[in-house]
Amino acid sequence: MGDKKSEKQQVSKAPSFKPQYLRELDGPKSFVLPQKELEVLKWWRENKIYAALQEREKSWPEFRFIDGPPYTTGAIHIGTAWNKVLKDIIIRYKRMTGFRVTDTPGYDTHGLPIEVQMEKQLKTKNKKEIVEKIGMDKFIDSCKKFAIDNMHLMNDQFRRLGCEFWNWDRPYVTLTEGYMAGAWWMIKKAHERGLLFMGHRPLNTCPRCETALAKHEFEYANRKDTSIFIKFKVIGKENEYLVIWTTTPWTLVSNIAVMANPDLKYVRVKVKGEVWIMAEARHAMFIQAEIGEFPEVIGSLTGEELKGTRYVHPLLDEVPKQQEFHKAYPNAHSVILSREFVSADEGTGLVHCAPGHGPEDYQVGHVEEKLPAFSPLDDQGRYTPEGGVFAGKYVFDANDDVIAKLKEKGTLLVEAVIDHEYAHCWRCKTPLVYRVLDQWYLKTGGALADRMLAENAKINWVPNFAGGKTFYQWLKGLQDWCISRQRFWGIPLPIWTCSTKGCSNIIVTGSRAELEQISGQKVEDLHRPWVDNIKFKCPKCKKGTMKRVDDVVDVWLDSGCVMWASNEAVYGDDYALGPRGYEDWRPADFILEGKDQIRGWFNSLMSCGILSSDRPTYKNVVMTGFVTFEGEPMHKSRGNVVSPEEAIERRGAETFRMYCTINMSMGEDLNFYWRDFDDSFRIVNTLWNCFIYAKEMFNLNGFKPKAKDLASLLKKDKNVEDRWIASRLNSAVKAMTESLDGYDMAKYAKILRDFIVEDVSKGYLKLVKERLSEGADEKDKANAMEAMFQLLRALSLVMAPIFPVIAELVHRDFLSALLAAPTRSIHLDAWPKVATGLIDARLEADFEVVGKVLETTRMMREEAGLKLKWPCKELVLAAEKKLEGIEYLVPILQKEANVKKVTLATSFAPGENHLAGEAGGVKVYIDKSMDEALFAEKFYRDFFRQLQFLRKAARLNVGDMIVLEVRTPSALVRDHLARFVEDIKKNAFVSDVKLTAKNELQKVDFEQELKYCPDETCLVPLKAKTIENATKAGKKVVTCSYCNGEHPIEKVIPVALRFKKSGA
RNA sequence: GCAAGGAUGGCCCAGCGGUCAGGCAGAAUCCUGAUAAGGUUCCCCACGCAGGUUCGAUUCCUGCUCCUUGCACCA
């Protein structure tokens, strides 16, 4: 706690800087997403949209999605949020494509994590205190309450993410009886198939939690231990010793043998007047480095030859039990052989073997050599009376005592501290102790693992390597599954055993009904301690009492049973839409979890399905990575944890949804950066602006759609950009459909983003703008709005899975009013069908060519100082082949390049007035020569822009009519403008225009004088600042930035714009 | 030790035999009555290292280094 590193900030707060595009989010025009989200979430609930959805899809085919249950220890973290969002996208998409999605969320509620939390709250130190001070029933009740309280909290967090249309009122919860019975059923099925057995094996146990732990519950951490080299005196030889090494001195109490590798070479070495035996490969280094002498090898032998060499156990006097072993077993305290577990890489090549304290020791010492698995420890890791003088000592404290004793006896050679990895309890971080225990196992190794491998090969994994490599490797190494835990908070093992010695009767019950029938008793609760009270006479020997095995089930088995155990929650009380019996369970069509679930849920699901029914549990699996922060894992201790709330508050849940979807790569970690997160908001903002613009346009024009769909519209509407956007839309919908069908949510998000930003916002809406202006052709304008409407309607549908709130907003507050038969919610609509006939690859390709050409013309104009709004005389494109058939795009080129004429040629010789450029193999020329009409228009364009700017400055709205007076002494200016009076009236909402040399209007609302360059061939607006600066500097002249001419300030042409509201 | 995934310009992240990444950040400039936006240019001359295949490799192959994750081991 006190070290300097932890003094850094404790939590990763979102940065306070605001990128330019995010400034002033509380401005009048700002789109404040979080507020809107809360409003829509509320609206969904008040309008019972979810109920409507369920009603609608009742008769549809089932898409069986199963939610991997998060553990109810506390608030969700950002990874859980990510996980739920991805699932939500698929759920929404599948719904829209006509499936009844099983959308039941789940919660994992049993197990050690909650017990540990409760123990902290209740301040208990061990299991005994739980039973004696608290009472098991009270303890269980508080665990239950804790889990349920957390569950409600998490429910709300998930809903806030936009994951609203899930069955939050009825999640599956592993602590409910219906669920627990599902686990019982599974264990009973496994028992019937002969796959349940009791094993007597050394297991890692947590001395604090007093229970056995499975491998996936180990947490390796570095630990400092004392390692020692000691010598064992060889019996029958005067001065000869076996030298061994160990990092766990306390296990010497239970030492039964020494293991040697039969193939390894061993030497007898003379040291300090004694003969030591050890591996040849180790002797030189050990003796020189650790003892400080030069070894003298006096003989060599193989491991094989060492076999049977008996030695004196160093703690024979302290542990009397060892004397018994020495007498009872001729091979006790002798060298035994193991090829597999003995190497010369470390230690001395002779390995101390304590069969009661290690799996390998057990295998070689107990299973192969039939030596006793001596394990004189209790549940709390203390020596039992069999431990002799060490009785009552905690093993990790006993280390020092053992070492002291060895020192005393002179058998200790070297003592050193080593820092090595050691297994710790995943929950309480206590170092684990191997002990031999009776535990219950499911036979998942061997034949069953092979079955799983076969089934796994048929499963569709995304990404592919997750199944083909990662999970495959896991299954290859799969071993029997120890399912018993010596704890309280879990599903009790449904196994009853007979108290009579010799009566091996075992009864496994599959349900409450069955238990009540067999026992003749009412069962209050399937949990401990209530179920422990159920005892009954053994039906086999008729003498003994059948008593439940004390243990509870490994919590991973809980969630592994979800395919059937959740039936009640998923299908409702009447099970009208699903299987009632556990027997008839259906595999999931789709699951999605993080890569930690390879050994977790993916594994337990597969195991439970095969164990109970020899069937696979899932068809499509998506595996994701973890969320990291700036390249590092998020850890509370590092203080770099980003909470979902923080992100939501900053930019809204929909921004978060887009961020974590578009930035992911299947199976890989999502690297969180605040900068990128903020950037994702731009997509949302652009999208929103598209709809706002359309809404304004539609309102202004009183638009009412007439066309049934795009296809029928385009039968009459021959406009190329309408046909182009229709094609792009359908191409995009097609690609999005394919992506989502393949569970590639990132690709879907990218296609959607590109479509919104590039095609709709920067592309179509820009192209269509002029057609929507006041003076445009009515027919064309109507077509444009029709197309725009169809486009936005389709867009609102395809964005619904990822932007459920924004889609709802644009539907509810805008588009639905224009639909013939609008649904109440966009989420009651269907995913659009691709109109393949509207996809025109040629058109799309041609548009790209045009796009490149236009890009080039902009570049050329910039270089030549020709503003885009100034019209040019002619654009010439020259290419041998590319331009064939592109004539139909000439109007767009003309408009977008702002030229009066477009010429397509195969070759062209440019003249003096031509600018030249090149775009993707097409030669581009712009004729920049001006005639009088062009020049007048050029001037007018600048003027018009300034007029619009001043309208805005005068806080006039679009559509507000004004009377305008332009006062200037320049007759030339008045002449130029006179040509465009009608245009001004139409496009700048002016009812009357006066061109004059003297003020005529009285009382104007707004007046400003503009200055223009006096050069009659230039006549561009001069910035007020430029003139001001020149005056300040005492200059008499001002330099025009366009024609570069120096002009006396008094010659500058003043043009005053004066206007007032019409009718006012 | 075994296995998997990754390594791309100041930062993030695509692509995966030849032709263009994209975004952010920085600089300049233009533009703006849907957009508290946008365009254009510049900067960044990118593909972990070493070999090989190939007419050509960031992309395929081999080896190596480093990161991440999982598995095994930790006597």
For nucleotides [N] and [M], find the distance between their [atom1] atoms and express it as a whole number of Å.
| N | M | atom1 | value |
| --- | --- | --- | --- |
| B:C55 | B:C45 | C1' | 25 Å |
| B:C13 | B:C71 | P | 25 Å |
| B:G26 | B:G10 | C1' | 9 Å |
| B:A21 | B:A46 | C1' | 11 Å |
| B:A14 | B:G22 | C1' | 7 Å |
| B:G15 | B:C31 | P | 39 Å |

For nucleotides 40-43 of chain B, give me every protein contact, N/O to N/O, under 3.5 Å, one pair per line with atom names.
from: B:U40; atom 1: O2'; to: A:Glu862; atom 2: OE1; distance (Å): 2.8
from: B:U40; atom 1: O2; to: A:Glu862; atom 2: OE1; distance (Å): 3.4

Mind listing the N/O atom pairs, protein and nucleotides 62-72 of chain B, below 3.5 Å?
from: B:C71; atom 1: OP1; to: A:Arg599; atom 2: NE; distance (Å): 3.3
from: B:C71; atom 1: OP1; to: A:Arg599; atom 2: NH1; distance (Å): 2.5
from: B:A72; atom 1: OP1; to: A:Lys215; atom 2: NZ; distance (Å): 3.2

Item to check | Length of the NZ-C1' vector between A:Lys750 and B:A14, whole Å | outcome: 6 Å

Checklist entry - Between A:Asn255 (side chain) and A:Ala354 (backbone), is there a donor-acceptor pair under 3.5 Å? => result no

Item to check | A:Tyr693 side chain vs A:Leu765 backbone, donor-acceptor pair below 3.5 Å | outcome: no

Checklist entry - Does A:Arg682 put a side-chain nitrogen or oxygen below 4.0 Å from OP1 or OP2 of B:C24? => result yes

